[in-house]
Amino acid sequence: MNRTPAPPAHPLPHCTIVPPHILDRLAEQGHEAARRSLALDAAHRANRLLAAPARPPAHRLTRTIADARHTETLPGRTVRREGGAPVADGSVDRAYDGLGATFALYEQVYGRESIDGAWLPLDATVHYGDHYDNAFWNGSRMVFGDGDGEIFTDFTSCLDVIGHELTHGVTQYTAGLDYQDQSGALNESLSDVFGSLVKQYALGQSSAEADWLIGAGLLAPGINGVALRSMKAPGTAYDDERLGKDPQPAHMDDYVQTASDAGGVHINSGIPNHAFYLVADALGGHAWERAGQVWYDTLTGGTLSPAADFTAFARATVAAARARWADDAVTDTVVAAWSQVGISTT
Ligand SMILES: [Zn+2]
């Protein structure tokens, strides 16, 4: 019997991987590609996000990559389908592999059948727009710009960026965290956590070997920075005269009160990001196995309210750890990590 995938239970936040505070600053300095990218992002936010087309589930990974050929028309021309051979375009092949790596983490480690848990096909468009400085998931597909080459490189180059964006889809189908203030920062943080885990799993890295960066390799040569964010050391990813300084806090004492960026969702995510890093670092080994399992159980367990704040989320991770492991070691580690970022779970 064919079932059409259920529509997402919650509205999708329109998250672009480069947060508005970076593009705003570049646009103020007269950077033309950033200005055009911001205008496009605003237009995307104003439009209703696309629901994934209703197709009967294939019960396997199904990828389709299209090429917008530097236009703003979606989806573009299909250039690679599931099982097709690599083509002579690195952006196409990196997008194909990145969708596959994200599917692999969720399916092989957590037993999740694609983003919606019901075999949603994974589609992407590359070469979107003219030097477009961003990448996003629109509820139906991943869309990648080529970057301007001066500040940002090709957005297919970062596996964690692909995992980040697709995880917004997982959150949309599960906890549905409101994209505002602390619940919004948790939504962002979950995308960073699983984005990083997609990369670590694909590379077979231990938590000690991982770089814990989001968007490593995305900043063009000459920019003083290593990535968009650092989970290991929030606030240290870049410090550049054009980009400004990474504004992420690592502790509640430095929580940023702001009306912009939906209450600083890309800024205060540094706090739960760092808590996850501390759990993974303390437990050692592969971060997707225990730390990742606790966060995955929390995200999908059905106990979180869409308006959950950091404390509610932290308490839910403690409950998830206790539910999965009889041994107290993981639970104690989770409690200690939240305490280190200034959040009490008792
Ligand atoms: Zn995001």
Side-chain angles (χ1 to χ4, degrees), residues 8 10-24 37-38 40-42 44-45 49-50 98-99 102 105-106 115 122 124 128 132-145 147 152 155-199 212-216 218-219 227-231 234 237-238 246-249 256 258 260-274 276-277 295-296 299 306 308 310 313:
H10 305 282
L12 175 74
H14 186 76
C15 169
T16 49
I17 193 68
V18 180
H21 64 81
I22 292 181
L23 289 177
D24 280 338
S37 299
L38 268 175
L40 262 177
D41 293 343
H44 295 146
R45 280 192 186 89
L49 288 152
L50 303 171
L99 296 181
T102 304
L105 175 81
Y106 280 110
I115 295 315
L122 299 181
Y128 176 78
Y132 176 58
D133 269 335
N134 234 327
F136 60 91
W137 196 58
N138 73 357
S140 170
R141 65 177 50 245
M142 279 277 343
V143 180
F144 299 94
F152 296 107
F155 282 79
T156 60
S157 61
C158 288
L159 192 46
D160 45 87
V161 165
I162 300 175
H164 174 107
E165 291 298 335
L166 289 175
T167 298
H168 280 305
V170 177
T171 300
Q172 168 199 358
Y173 278 96
T174 56
L177 290 159
D178 296 338
Y179 204 64
Q180 181 72 40
D181 301 323
Q182 289 196 11
S183 57
L186 289 165
N187 193 320
E188 268 305 309
S189 175
L190 284 157
S191 277
D192 281 352
V193 163
F194 289 101
S196 184
L197 291 180
V198 165
K199 179 167 147 181
W212 295 100
L213 297 170
I214 302 300
L218 205 55
L219 301 180
L228 294 174
R229 291 183 285 281
S230 168
M231 300 177 68
Y238 56 88
D246 177 359
Q248 283 213 308
V256 177
T258 174
S260 64
D261 186 27
V265 296
H266 292 92
I267 297 174
N268 293 311
S269 55
I271 295 167
N273 273 1
H274 194 54
F276 181 83
Y277 163 77
W295 258 242
Y296 182 78
L299 170 62
F310 287 0
F313 183 86

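Counting starts at 1 for both ligands and their atoms, in listed order. Everything numeric in this text was worked out from a predicted model, so none of it was measured. Just so it is clear, the values below take in all heavy atoms, side chains as well, and ignore hydrogens, waters and symmetry mates.
- Closest N/O/S atom of His164 to the Zn ion (ligand 1): NE2.
- Between Ser189 and Asn273, the side chains place a donor N or O and an acceptor N or O closer than 3.5 Å (distance only, hydrogens not considered).
- For Cys15 atom SG and His168 atom NE2, the angle they make at the Zn ion (ligand 1) is roughly 100°, to 10 degrees.
- With sequence neighbours left out, the ring pair (Phe, Tyr, Trp, His ring centres under 6.0 Å) criterion links Tyr277 to Trp212, His274.
- Not counting sequence neighbours, the partners of Phe152 by the ring pair (Phe, Tyr, Trp, His ring centres under 6.0 Å) test are Phe155.
- Using a 30° and 60° split on the angle between ring planes, Tyr296 and Tyr106 fall in the tilted class, from 30° to 60°.
- Minimum-distance N/O/S atom of Glu188 relative to the Zn ion (ligand 1): OE2.
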